Amino acid sequence: MDTTTTTAPTTRRRLRAEILIVLGLSLGEAAVYAVVNILARLTLTTPLGEQSTALNPSRSPRPYLDLVYQLLGIGFALVPVALALFLLSEPGRRATARIGLDGTRPWRDLAAGTGLAALIGVPGLGLYLLGRALGVTVEVQASALAEHWWTVPVLVLAALKNALLEEVVVAGYLIERLEQLGWGPRAVVATSAVVRGAYHLYQGFGPLLGNVVMGVVFGEYYRRRRRTMPLVVAHTLIDVVAFVGYALLPAAALAALGLA
C-alpha cells in the first residue's frame, strides 16, 4: 500500500515530529525507561535471573483509594490512544474506521483475535520460561494487587487498556504514519516490532524477544488486513489470562508452572 508518493517534504517533517511527540507521550517514553531499567538491573550485584518485577501493583493500603488510583491510571493511560485517533482522523473518515477499530465484523474479529492469542500466548510463555531458565529474564509477578472484590474487574480493565494503548499506537498509528513517510513494508513492521519489544525490556531478554516476535506477527497482520480490533482482542485475552490467572491461582500452582 503506497500512501507516500505525494507527501511533501514539509508534511514529512511534520509527520516525523508528530510521531516523536505521540511516542514520547506514550510507549516511546516507556521504552526509554525500560532501557535504563535493564541497564540498572544488569549493573546490580544480584543476577538478573534472581530479580523480580511486579505488574499492576497496589497504590494505597486503603482499598477504595487504591481503586480510585487504579481507575485513574487506566483512564489517563488511554489519553495517547485518543490523541493517536484524533491525529489519524480525516474529513469524512473516522480514525476508528481507518485502522479497523470498530464493531463491523465482531465474530470474525473475535475468531481472528482468539487465534492470534493462541499463536502468540503459548510460545510467549515458553520464551519467558526459557529466559528464566537461562537467567536472562526477571521473575514477573503479573499481578501485585491486594485481594478485593474489585481486583478481577480492574485487572480485566488493565488488560484492555494495555491492548488499546499498544495496538492503536504501535500497530495502527505508527504503521500508518511510517507508510506515509515512504517506509517500505519490512522497515515499517520491523520498527513497530522493535518499539514493542523495547518497552518490555525491563522484564529481561526473554520478554524482549517474545514481544518482538509478537510485534512482527501483529504488525504484518495489520499491514495486510488494516484492522486493529483482532489485535486488541488477542492482546486483551493474553493479558487477562496472565493477570487474572496470576491473581487467582494458588502459589503452589504458579510454582509448578514456573511462574513463581
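Since we're looking at a predicted model, the values are computed, not measured.
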Check: [Y] main-chain N/O paired with [X] side-chain donor or acceptor under 3.5 Å:
X	Y	result
D66	R62	no
Y128	V140	yes
N162	D239	no
S192	V189	no
S89	F86	yes
T236	A163	no

A side-chain contact here means heavy atoms from C-beta on lying under 4.5 Å apart; do [X] and [Y] qualify?
X	Y	result
P80	L165	yes
V154	L67	yes
V232	D109	no
L231	M214	no
L208	V212	yes
I99	E176	yes
V170	F218	no
F243	V156	no

For this session: Return yes when atom CZ of R108 has more than 12 non-hydrogen atoms of other residues, nucleotides or ligands closer than 6.0 Å, and no otherwise.
Result: no
Nearest 0.5 Å please: distance from the [atom1] atom of [X] over to the [atom2] atom of [Y].
X	Y	atom1	atom2	result
S26	L174	OG	CG	9.5 Å
L157	Q70	CG	CD	10.5 Å
L127	L134	CG	CG	10.5 Å
L27	H200	CG	NE2	8.5 Å
Q203	L55	CD	CG	5.5 Å
L88	R93	CG	CZ	9.5 Å

Does [X] share a hydrophobic cluster with [Y], counting links as ILVMFWY side-chain heavy atoms below 4.5 Å and allowing steps through other members?
X	Y	result
L15	I21	yes
V194	L201	no
V195	I19	yes
L20	L83	no
V213	I175	no

For this session: Quick one: do L48 and I38 satisfy side chain to side chain contact (heavy atoms under 4.5 Å, CB included)? Show the steps, please.
Result: CA-CA 9 Å; L48 189 63; I38 195 66; 4.0 Å; yes
Heavy-atom pair with the smallest gap, counting every atom of [X] and [Y]:
X	Y	value
Y202	V138	O-CG2, 4.1 Å
A34	A198	CB-O, 3.2 Å
P106	G103	CD-O, 3.3 Å
G100	R227	O-NH2, 3.4 Å
T137	R132	O-NH1, 2.9 Å
A142	A242	CB-O, 3.5 Å

Exercise. Remaining members of Y69's ILVMFWY cluster at a side-chain heavy-atom cut-off under 4.5 Å?
Worked result: L65
Exercise. Is V79 isolated, or which residues cluster with it under the ILVMFWY side-chain rule of less than 4.5 Å, directly or via members?
Worked result: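 For the cluster that includes V79, the remaining residues are V68, L72, F76.
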For this session: Verify the distance criterion only: is there a donor paired with an acceptor across the side chains of Y173 and E18 at less than 3.5 Å?
Result: yes
Exercise. How about R14 and T11: does a side-chain donor come under 3.5 Å of a side-chain acceptor?
Worked result: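 Not at all, the side chains of R14 and T11 share no donor-acceptor pair under 3.5 Å.
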For this session: Could you give me the CA-CA distance, side-chain angles and deciding distance for L23 and E29, then say whether side chain to side chain contact (heavy atoms under 4.5 Å, CB included) is met?
Result: CA-CA 7 Å; L23 291 180; E29 176 189 14; over 6 Å; no
Exercise. Tell me, which pairs form a salt bridge (Lys or Arg N to Asp or Glu O under 4.0 Å) where one or both residues lie in residues 146-168, sequence neighbours left out?
Worked result: E166-R196, E167-R196
Problem set entry | Stepwise side chain to side chain contact (heavy atoms under 4.5 Å, CB included) check, H235 with L164 | CA-CA 9 Å; H235 198 139; L164 286 169; over 6 Å; no
Exercise. Does the distance from a Lys or Arg side-chain N to an Asp or Glu carboxylate O, for R94 and D102, drop under 4.0 Å?
Worked result: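 No, R94 and D102 are not salt-bridged.
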